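Convention: sequence-line order gives letters A, B, ...; per-chain numbering from 1. Everything quoted here is computed from the prediction, not taken from an experiment.
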Amino acid sequence: MAESEFEVRLKKLRELERLGLPPYKQKFKPNTNAKEIKERFQHLKPGEHEEKDSFKISGRILTIRDFGGSVFFHILDSTDKIQCFIEKRGNEQLLEFFKKLLDTGDIVGISGTVFRTKKGEITIYVKDMKVLAKCLHPLPEKWHGLKEIETRLRMRYLDLIMNPEVKEIFIKRHKIISFIREFLTERGFVEVETPILQPVPSGAVAKPFKTYHNELEMNLFLRIAPELYLKRLIIGGFDKVFEIGRNFRNEGVSSHHNPEFTMIELYQAYSDYNDLIELTEKLITELSLYVNGKCIVKQGEEEIEFSPPFPKISIKEEVIKRAGIPAEKIKDTEFLKEKLKGKIEIDEDDDWGEIIVKYFEKYVADNIKEPTFVIDFPVSTSPLAKRKEDDPDFVERFELYTFGMEIANAFSELNDPEDQRKRFEEQIKIRRMRELVEDMDWDFVKALEHGMPPTAGEGIGIDRLVMLLTGAQSIKEVILFPTMKPEDKT
RNA sequence: GGGUCAGUAGCUCAGCAGGUAGAGCAUGGGACUCUUAAUCCCAGGGUCGCGGGUUCGAUUCCCGCCUGACCCA
């Protein structure tokens with residue numbers, strides 16, 4: 001049987017070791033990069049060679065074009081690709097070394113000068129070269145690259161090598177997160193870290209991941225939200241806090257859901273949800289300008305320009321209008337059940353609030369494209385939010401929707417401990433809730449009893465925000481290593 | 001949970017109304033000093049996702065399973 005590519009490459013590795021050039025023991029410090037070289041030598045004319053300045057550059061070999069007496073190849077470093085050239089006339093030994101022992105995928109350190117080829121490409125004239133790591137597997141095809149989504153995700157490193165636009169997404173993701181961090185820090189927010197392992201999962205309605213602490217002999221849950229801890233900090237006297245971190249929800253995987261996802265939650269004392277509407281508009285606008293140069297959200301090819309103030313739509317009003325529900329019947333659970341039966345899936349336990357939210361999500365939310373604040377949430381679906389003064393069955397809350405996706409969720413925080421206790425008691429009575437959690441965070445009520453200033457809080461889904469600003473159509477495109485089942489090896 | 005589609009060489013893909021598989025790139029050998037999907041000649045490379053069934057014979061047809069994508073609830 002013929003040798004596999006792996007065996008061929010392994011042999012080359014052994015040969016390098018035999019020659020006293022073991023790749024994994026080499027040291028090399030580049031003093032420039034591809035982007036810098038290209039910028040610096042832009043002035044060179046075709047055929048011109050700047051022989052005075054010598055540079056050290058390193059990267060991964062991507063493609064090789066062998067001419068016998070000379071060889072061209074491209075290397076990729078973290079900044080860009082750049083072509084390199086070895087010729088017999090310059091260094092015959094080096095040329096032989098390269099042709100015998102180097103392959104695409106190898107990581108090399110190169111010393112050389114810079115010239116522009118007759119065809120016009122800035123190129124490194126290689127004087128010396130070290131193999132810093134041997135790539136023992138062939139790289140994916142140079143023209144079509146790596147396409148299969150499954151392989152791209154399972155071997156994300158190959159995806160990143162072969163598909164520059166993938167790397168761009170994650171660089172943009174980094175920019176987005178650091179912008180938000182700076183935006184809030186400038187406004188006096190303090191970044192904090194709160195428990196991921198929580199004895200009582202809280203702050204959202206979702207199925208938690210459960211784990212166990214051996215020494216403490218106790219159940220712990222991976223947080224579904226940091227909310228109640230951050231509010232404890234407001235009680236403790238931090239007026240503005242935020243946390244960027246991973247949350248975990250033991251639920252389905254889809255193009256918009258990953259079991260672990262990144263959220264930012266921020267809390268601001270002496271404010272209400274209207275202040276957060278302003279803050280959110282400013283944040284999204286400035287962020288989009290910063291990463292994209294203009295105020296746009298994208299989904300695939302579709303791009304929508306937006307500008308503040310964002311439109312607001314009321315769940316209550318939309319349901320009245322679209323479902324033809326008389327305004328005075330909007331809180332009539334039995335009426336709604338009868339009227340909307342068949343249009344949405346109604347649970348036995350659902351009250352009017354849950355029903356109108358379900359209707360809204362199914363018939364209105366999907367059609368929202370430009371950033372839009374959805375307001376007028378019923379109290380039963382918002383157990384941590386403050387009631388509206390003019391209608392205590394609704395709360396001071398908004399969700400920001402774009403392209404049918406929920407991006408942010410904010411409200412004036414409920415700071416009345418008696419009402420909070422009542423709402424927890426109501427919640428735990430609901431069967432669906434009991435299926436999710438064993439108990440409520442009663443200790444939080446005790447914290448509230450010590451007095452929490454009027455506060456507004458907001459959570460923003462970072463993954464979805466990155467999707468909107470990069471045009472990614474699946475959350476998997478903005479999470480480096482999305483949750484996947486292992487391949488079945490049998 | 002239901003439906004549709006996909007899994008064939010390292011990668012990108014063909015193919016087979018059932019007779020144990022092809023191309024390009026990549027790899028090995030040869031030619032070639034300005035190419036960039038280099039070119040030209042030659043060669044090697046496959047448990048056709050896994051398991052079962054039908055059949056003289058299955059990568060192809062049927063059933064189950066695994067993994068993934070999309071749609072629906």
Side-chain angles (χ1 to χ4, degrees), chain A residues 1-12 15 34 38 44-49 61-76 80-92 94-96 98-106 114-126 134-159 161-163 251-258 300 342-347 358 361-363 366 404 472-477 482-490:
Chain A
M1 202 171 107
E3 284 174 310
S4 66
E5 298 218 17
F6 182 82
E7 287 163 331
V8 168
R9 285 165 182 252
L10 200 60
K11 258 176 130 172
K12 293 177 181 178
E15 181 62 12
K38 282 184 176 178
L44 290 179
K45 293 183 191 68
E48 200 180 339
H49 190 163
I61 298 175
L62 280 187
T63 52
I64 299 172
R65 293 171 293 284
D66 178 4
F67 288 84
S70 71
V71 66
F72 286 92
F73 58 98
H74 274 94
I75 61 167
L76 172 72
D80 201 357
K81 283 190 232 185
I82 192 161
Q83 182 169 255
C84 302
F85 177 67
I86 304 174
E87 63 174 349
K88 199 173 187 173
R89 197 161 47 226
N91 191 338
E92 187 168 354
L94 180 65
L95 183 71
E96 284 315 305
F98 184 92
K99 294 211 284 184
K100 281 244 144 50
L101 298 173
L102 277 285
D103 290 292
T104 55
D106 291 352
V114 181
F115 73 108
R116 195 189 279 276
T117 62
K118 288 170 192 167
K119 292 278 167 64
E121 181 161 349
I122 304 270
T123 301
I124 308 275
Y125 189 94
V126 182
K134 188 79 191 152
C135 180
L136 295 172
H137 296 278
L139 248 32
E141 210 246 344
K142 62 189 167 196
W143 190 239
H144 298 94
L146 181 63
K147 282 191 176 169
E148 202 178 67
I149 300 172
E150 200 177 336
T151 315
R152 285 184 44 222
L153 298 177
R154 291 192 194 281
M155 303 175 81
R156 186 64 106 172
Y157 45 93
L158 278 183
D159 189 28
I161 293 166
M162 300 308 294
N163 301 316
E251 292 171 353
V253 175
S254 79
S255 59
H256 294 69
H257 298 87
N258 196 60
K343 293 212 164 106
I344 48 171
E345 214 175 292
I346 299 173
D347 210 78
K358 277 185 181 175
E361 283 176 355
K362 179 158 177 184
Y363 292 101
D366 280 357
Q473 284 182 290
S474 165
I475 201 166
K476 291 179 166 65
E477 298 293 342
T483 308
M484 290 178 92
K485 281 194 171 191
E487 274 176 301
D488 191 4
K489 291 275 164 52
T490 53

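- Using Watson-Crick or G-U wobble geometry with both donor-acceptor distances under 3.5 Å, B:A23 finds its partner in B:U12.
- Nucleotide B:G44 forms a pair with no other nucleotide shown, judged by Watson-Crick or G-U wobble geometry with both contacts under 3.5 Å.
- Side-chain polar atoms of A:Thr123 and A:Gln83 form a donor-acceptor pair below 3.5 angstrom.
- At a threshold of 4.0 angstrom between heavy atoms, the contacts of A:Met484 are confined to the sugar-phosphate backbone, with no base atom among them.
- Note that CG of A:Asp366 is 9.0 Å distant from CD of A:Glu361, once rounded to the nearest 0.5 Å.
- A sub-4.0 Å separation between OP1 or OP2 of B:U33 and a side-chain N or O of A:Lys88 is absent.
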What protein N or O atoms touch nucleotides 71-73 of chain B N or O atoms at under 3.5 angstrom, if any, and at what distances?
from	atom 1	to	atom 2	distance (Å)
B:A73	O3'	A:Glu345	OE1	3.2
B:A73	O2'	A:Glu345	OE1	3.3

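- With a cut-off of 3.5 Å on both Watson-Crick or G-U wobble distances, the partner of B:C50 is given as B:G64.
- Across A:Leu102 and A:Ile64, no two heavy atoms sit closer than the pair O-CD1, 4.4 Å.
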I'd like a list of close polar pairs between nucleotides 28-30 of chain B and the protein, N/O only, cut-off under 3.5 Å.
from	atom 1	to	atom 2	distance (Å)
B:G28	OP1	A:Lys12	NZ	2.6

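- Counting non-hydrogen atoms under 4.0 angstrom, A:Arg9 reaches nothing in the nucleic acid.
- Nucleic acid contact for A:Arg116: none, since no nucleic acid atom lies under 4.0 Å from a heavy atom of the residue.
- In the displayed structure, A:Glu48 atom CD is contacted under 6.0 Å by more than 12 heavy atoms of other residues, nucleotides or ligands.
- Judged by Watson-Crick or G-U wobble contacts below 3.5 Å, the nucleotide B:G18 has no partner.
- Partner assigned to B:U55 is none, using Watson-Crick or G-U wobble distances below 3.5 angstrom.
- Heavy-atom nearest nucleotides on RNA chain B were determined for A:Lys118 and for A:Gly145, and the one closer to the 5' end corresponds to A:Gly145.
- Applying the Watson-Crick and G-U wobble criteria (two distances, each under 3.5 Å), B:A37 pairs with nothing in any strand.
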